[in-house]
Amino acid sequence: MVFFIVGVIFVPIGVVSLLAARDVVEIIDRYDEACVPSNMTDNKLAYIQNETISKECIRNLTVTKHMKQPIFVYYELDNFYQNHRRYVKSRNDAQLRDKRKANQTSACEPEKTTANGQPIVPCGLIAWSLFNDTYSFTRGGATLDPEIPLSEQEDLIVWMRTAALPTFRKLYGRIYFDLKENETITVRLSNNYNTYSFGGKKKLVLSTATWLGGKNDFLGFAYLIVGGFCIFLAFAFTLLYFIKPRKLGDHNYLSWNRNSAGR
Ligand SMILES: *[C@@H]1O[C@H](CO)[C@@H](O)[C@H](O)[C@H]1NC(C)=O
Ligand SMILES: *[C@@H]1O[C@H](CO)[C@@H](O)[C@H](O)[C@H]1NC(C)=O
Ligand SMILES: *[C@@H]1O[C@H](CO)[C@@H](O)[C@H](O)[C@H]1NC(C)=O
Ligand SMILES: *[C@@H]1O[C@H](CO)[C@@H](O)[C@H](O)[C@H]1NC(C)=O
Ligand SMILES: *[C@@H]1O[C@H](CO)[C@@H](O)[C@H](O)[C@H]1NC(C)=O
Ligand SMILES: *[C@@H]1O[C@H](CO)[C@@H](O)[C@H](O)[C@H]1NC(C)=O
């Protein structure tokens, strides 16, 4: 009975979650390859490391479906192992917390001090590798710059909350305009961040939100599977409850019959 109730509650929740996730509109633009000038595609490292080459890059995105505000702007990194042990440990929380402890750079190897022995603030691999691409958006002459909810300090905090998976999204900003279907938005971006050295991908993601958050089918499927399983168990138990006793009864009846026949 309990299983049946749980099942009856979970299955509709699952269906509603899946429908909500389907309503989320996402625009995903991978730009790390496209932003390399055509005469440098064979030498991406030389491009990203050469400070005299402009890293400005223009991308046109077409809105596939009407997008209601607020629209979340994320950057997505792929093949980026923020969970590597050596990487995760390369930080000094005391230095981060307190300006006067700038000299505390223990555990920050290999990004501890500059060539002339001055401490690096903030020190450590995580802080050193802070994502620094920037985006600005225009639409038919009007700017729709994202409201950037995070200060530089908070950006670092988000970044230092290291991701557990090699593909992850982090929030860049929010756009408080609706985007209409078939509209083209122009993104002017600064392609500063070097993912070429490890073959990582960079993507810009614009996504609407639902009451569930972003586009995520997992929750819906989880509810459906658990709910379905509960209903299955409820039926199985019901069958066992009603059928098995009768079978046992039959069996007893037969053996009793055989005994009496033998007598
Ligand atoms: C690539 O082309 C640009 C102009 O389009 C030029 O300024 C630059 O020097 C070229 N780079 C190489 C490596 O040829
Ligand atoms: C950087 O690029 C410029 C122009 O494309 C080129 O003249 C220069 O040699 C490059 N520098 C390095 C270190 O490759
Ligand atoms: C983007 O659109 C603008 C104007 O519509 C156009 O001038 C520009 O060439 C386009 N850029 C790309 C990379 O397609
Ligand atoms: C850090 O150490 C250097 C010398 O090692 C010293 O000159 C500097 O004052 C120290 N800074 C702080 C904030 O303690
Ligand atoms: C972005 O960060 C990289 C290191 O990850 C650095 O080499 C580059 O100079 C930075 N660019 C800007 C514009 O801050
Ligand atoms: C968007 O473009 C498609 C194909 O070009 C067209 O079928 C559709 O009606 C357009 N939608 C709007 C709202 O203009």
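Just so you know, ligand 1 is whichever comes first in the structure, and atom 1 is the first atom listed for that ligand.
A cation-pi geometry, defined here as NZ or CZ lying under 6.0 Å from the six-membered ring centre and within 45° of its normal, does not hold between Arg188 and Phe137. Annotation: cation-pi geometry not satisfied between Lys170 and Tyr172 (NZ/CZ under 6.0 angstrom from ring centroid, within 45° of ring axis).
Legend: residues meeting side chain to side chain contact (heavy atoms under 4.5 Å, CB included) with Glu51, ordered by chain and number and at least two apart, are absent.
Sparse packing is recorded around CZ of Phe4, with 12 or fewer heavy atoms of other residues, nucleotides or ligands lying under 6.0 Å away. Summarising the local packing, CZ of Phe3 is surrounded by 12 or fewer heavy atoms from other residues, nucleotides or ligands at distances under 6.0 Å.
For the residue pair Asn191 / Lys202, a side-chain donor-acceptor distance below 3.5 Å is found, with atom types taken as modelled.
Atoms of ligand 2 found under 4.0 Å from any heavy atom of Thr52 (numbered from 1 in listed order, with element): 1 (C), 2 (O), 3 (C).
Of the charged side-chain nitrogens involved, at least one lies within less than 4.0 Å of a carboxylate oxygen, so that Arg30 and Asp32 count as a salt-bridged pair.
Ligand 3 has a nitrogen or oxygen under 3.5 angstrom from a nitrogen or oxygen of Asn60.
Near ligand 6, heavy-atom contacts under 4.0 Å come from Glu181, Asn182.
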